Amino acid sequence: MIRDYIEEANFEDTGFSYTLSLISGKHKMVILYCLMEFGTVRFNALKRYLKKVSDKTLSNNLKELEADRLILRKEYPQIPPKVEYSLSDRGRSLMAVLDQLCVWGEENREL
């Protein structure tokens with residue numbers, strides 16, 4: 001019976017749950033989308049792209065995406081500091097999924 005399967009199932013053990021844990025939050029998917037569209041991007045450009053996001057929130061999201069190995073952070077030893085972000089190979093492998101979300105949105109949004 002379906003009821004027995006549901007009672008034994010554990011959503012936390014699914015690949016779907018793992019993927020959501022990496023990209024959940026208000027800004028992470030937008031950051032990934034921006035890097036997919038524009039390649040290497042600096043912090044202030046990301047901030048302008050996201051519009052209403054605090055430095056702290058953006059910084060935390062970037063640190064989490066870097067810790068999850070979805071993005072790369074390159075820091076240049078200069079004054080003023082220059083930091084650039086780009087997709088890692090692992091992050092690029094997620095772009096097929098993100099691209100399909102875009103396709104679905106274009107096909108189903110109400111004008």
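From a predicted model like this one, the values you see are computed outputs, not experimental measurements.
Counting heavy atoms from C-beta outward, V83 and R73 have side chains that approach closer than 4.5 Å. No side-chain heavy atom of T19 sits under 4.5 Å from any side-chain heavy atom of F16. Side-chain contact between L98 and M29: present, with at least one pair of heavy atoms (C-beta onward) separated by less than 4.5 Å. The shortest side-chain heavy-atom distance between R42 and K82 falls under the 4.5 Å cut-off. Contact check for V30 versus Y49: side-chain heavy atoms found under the 4.5 Å cut-off. Inter-residue side-chain proximity for V97 and I23 is flagged as unmet; no heavy-atom pair is nearer than 4.5 Å. Here the side chains of I71 and Y85 are in contact, with some heavy-atom distance below 4.5 Å.
Put simply, CG on L72 and OG1 on T40 are 9.0 Å apart, with the number rounded to the nearest 0.5 Å. Rounded to the nearest 0.5 angstrom, K26 NZ and K52 NZ are separated by 9.0 Å. Expressed to the nearest 0.5 Å, how far CG of L62 lies from NZ of K47 amounts to 12.0 Å.
Taking each heavy atom of T14 and S17 in turn, the nearest pair found is OG1-N, 3.1 Å. L22 and L65 get closest at one heavy-atom pair: O-CD2, 4.1 Å.
In summary, of the residues considered (N44, L50, L46), a side-chain contact (heavy atoms from CB on, under 4.5 Å) with R48 occurs for N44 alone.
For K63, the NZ atom counts as loosely surrounded, since its 6.0 Å shell holds 12 or fewer non-hydrogen atoms of other residues, nucleotides or ligands.
E64 is linked by a salt bridge (charged side-chain N to carboxylate O under 4.0 Å, His left out) to K28, counting only residues two or more places apart in sequence or in another chain. Under the ring-ring contact (aromatic ring centres under 6.0 Å, His included) criterion, Y33 pairs with no residue, sequence neighbours left out.
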Derivation of the side-chain contact (heavy atoms from CB on, under 4.5 Å) call for E84 and Y76:
CA-CA 8 Å; E84 295 178 333; Y76 296 88; 2.8 Å; yes
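Counting only distance, with no hydrogens or angles, the side chain of T57 and the backbone of V53 share no donor-acceptor pair below 3.5 Å.
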Return all side-chain donor-acceptor pairs below 3.5 angstrom for residues 87-96, not counting sequence neighbours, or 'none' if the list is empty.
unit_1: S88; atom_1: OG; unit_2: R69; atom_2: O; d: 2.6
unit_1: S88; atom_1: OG; unit_2: L70; atom_2: O; d: 3.1
unit_1: S88; atom_1: OG; unit_2: R90; atom_2: N; d: 3.3
unit_1: S88; atom_1: OG; unit_2: G91; atom_2: N; d: 3.0
unit_1: D89; atom_1: OD1; unit_2: R92; atom_2: NH2; d: 2.4
unit_1: R90; atom_1: NH1; unit_2: D68; atom_2: O; d: 2.4
unit_1: R90; atom_1: NH2; unit_2: Y18; atom_2: OH; d: 2.6
unit_1: R92; atom_1: NH1; unit_2: L87; atom_2: O; d: 2.8
unit_1: S93; atom_1: OG; unit_2: R90; atom_2: O; d: 2.5

